[in-house]
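The structure appears below as structure tokens.
Chain identifiers are assigned alphabetically (A, B, ...) following the order of the sequence lines, protein sequences preceding nucleic acid strands; residue numbering begins at 1 within each chain. Bear in mind that the values here come from a model prediction, so they are computed numbers and not experimental data.
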There are 2 protein chains.
Amino acid sequence: MAARKSSDNLKEVIRDFRRDQVIDVARRLFGERGTTEVSMDEIAAEAGVARSTVYVYFANRDELLRACLQRMLNQLLESIAVDWERDTEPAQRLRTLIGGMFERLDDNPAFFRLALVTQEAVTQGSAAVGSELALIGLEIAGMIDNLYLEGVSSGLFRPMEPDRATSLIGQQIYGAMSVRASELIPIPRADAAAEVTEFILRGLFA
Amino acid sequence: MAARKSSDNLKEVIRDFRRDQVIDVARRLFGERGTTEVSMDEIAAEAGVARSTVYVYFANRDELLRACLQRMLNQLLESIAVDWERDTEPAQRLRTLIGGMFERLDDNPAFFRLALVTQEAVTQGSAAVGSELALIGLEIAGMIDNLYLEGVSSGLFRPMEPDRATSLIGQQIYGAMSVRASELIPIPRADAAAEVTEFILRGLFA
DNA sequence: AATAAATCGGACACACTGTCCGAAGAATCA
DNA sequence: TGATTCTTCGGACAGTGTGTCCGATTTATT
């Protein structure tokens, strides 16, 4: 039984590995040329598998795209989680949150841009995702909500309707990411993050 | 000669009329079901013309989409221009600018969402559009720039690098539009506009 | 009525999607 | 080792959409 189980696990690992392999290729190609301009043939060829094999892993094109975006979001959340736990002061948390997102964005702007652009199509598939701050993801909306409330209770931020405050902060971040993603030569990350953060903080301070 | 000219003009009018007819149908369908989910057949049928006729007016699918977006942007600019000329005080200008954009957005959220989402794909075709604030369009970026500079010279706004100030304002507006466009039941327009405006103003005040 | 232009409708080649299946290969088990 | 099971391969397939083309038909102009 133990052998059987480990065998199954190994298979799952291999399966996941290949899956990720395809996802990585797809993500790159989608980012380079846009979702509609890349055929399943190309993705399969570039990933070194048969086209029919891709369909073993992903039911269809949409699901592959969904997987690409899901993967990106996960990486984003992972990379932010560390800094998030380290800082507890609200203003600093906002700073590192924005810095972390920019960092991730700079890592793969092409696909990030695509993600921002494609969000609609993807979220309409999964009913769990609300419309507000759909892109940035509910987790990040939660983080923003959290840091805002802390800021209010410590007297740093002025009190507002929490949902609205979260929305305003998220809007600014969303906009900043969108703009940065489509800039050919974005300004230095640290500067951009500081600038956006200070602007938001001005809007929040008591 | 005069007759010939008027004849040509009439033809142009008819041509433009039919063109717009197709654009309106396409815009509706694209908005309802997304760009990739609507065939040229459907658009032609719905517009009451033959498919081959559509190809007389638009070289291909992309160009039709481009025309749809162009039309929307034009309508947006037109609807804003009036208010813009009426107000001269910077804070008030910002208010009416944002209000005007929200108004236009509420008018056809589905396609507006699509426009926000599709912007990338479209602007990459026309080299004239810069990366910064690509969506909102250079004209609107110019308006923002203008009102910011006026605000600074009247001592209302604190001095910053004008490009950065414009970018920050634009980002917030862009984000607010994106979020509003994807909300099922957006909060009342006046409230939303006021809220966003105040938030931005707080970031700008001296 | 004659002429010119726009539209129609359908045929065409081409490309891509998603499905299917038998053959070949690799890993696992007895 | 040989038998079994799982995965991948490669190609065939129907279905759908795109963009092009052209002769026939309608509509406007003179």
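Atom C1' of nucleotide D:dG17 and atom CD1 of B:I43 are separated by 12 Å, given to the nearest angstrom. Summarising the geometry, the separation between CD on A:E42 and C1' on C:dT17 is reported as 14 Å, rounded to the nearest angstrom. When the C1' atom of D:dG19 is taken as reference, atom CG of B:L65 falls 17 Å away, rounded to whole Å. We find that CG of B:D41 is positioned 14 Å from C1' of D:dT20, with the value rounded to whole Å. As a whole-Å value, the separation of A:F17 CZ from D:dT8 P is 13 Å. Put simply, CG on B:L64 is 15 Å from C1' on D:dG17, counting in whole angstrom units. Atom-to-atom, CZ of A:R51 to C1' of D:dC13 comes out at 11 Å; the value is rounded to the nearest Å. Atom-to-atom, OH of A:Y55 to C1' of D:dG11 comes out at 15 Å; the value is rounded to the nearest Å.
In this structure, A:Y57 reaches the D:dT8 phosphate: one of its side-chain N or O atoms is under 4.0 Å from OP1 or OP2.
Residue contacts for A:V49: at a heavy-atom cut-off of 4.0 Å it reaches the sugar-phosphate backbone alone, with no base atom in range. Using a 4.0 Å heavy-atom distance criterion, A:S52 is classed as a base contact. Within 4.0 Å of A:F58, counting heavy atoms only, lies no atom of the nucleic acid at all.
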- Task: In sequence, state the C-alpha distance, the side-chain angles, and the governing distance for B:S79 and B:Q75, and then conclude on side chain to side chain donor-acceptor pair (under 3.5 Å).
- Result: CA-CA 6 Å; B:S79 90; B:Q75 289 180 346; over 6 Å; no

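Note on A:R202 versus A:E198: no salt bridge recorded, every NZ/NE/NH1/NH2 to OD/OE distance being 4.0 Å or above. In summary, A:E32 and A:R28 engage in a salt bridge, as defined by a charged side-chain N under 4.0 Å from a carboxylate O. Salt-bridge check for A:D106 with A:R189: passed, with a basic side-chain N closer than 4.0 Å to an acidic carboxylate O.
Taking every side-chain heavy atom of B:R61 into account, D:dG19 is the closest of C:dT7, D:dT8, D:dG19. Side chain of A:R18, nearest nucleotide from D:dG19, D:dC9, D:dT8: D:dT8.
No cation-pi contact links A:R104 to A:F112, judged by a cut-off of 6.0 Å to the six-membered ring centre and 45° from its axis.
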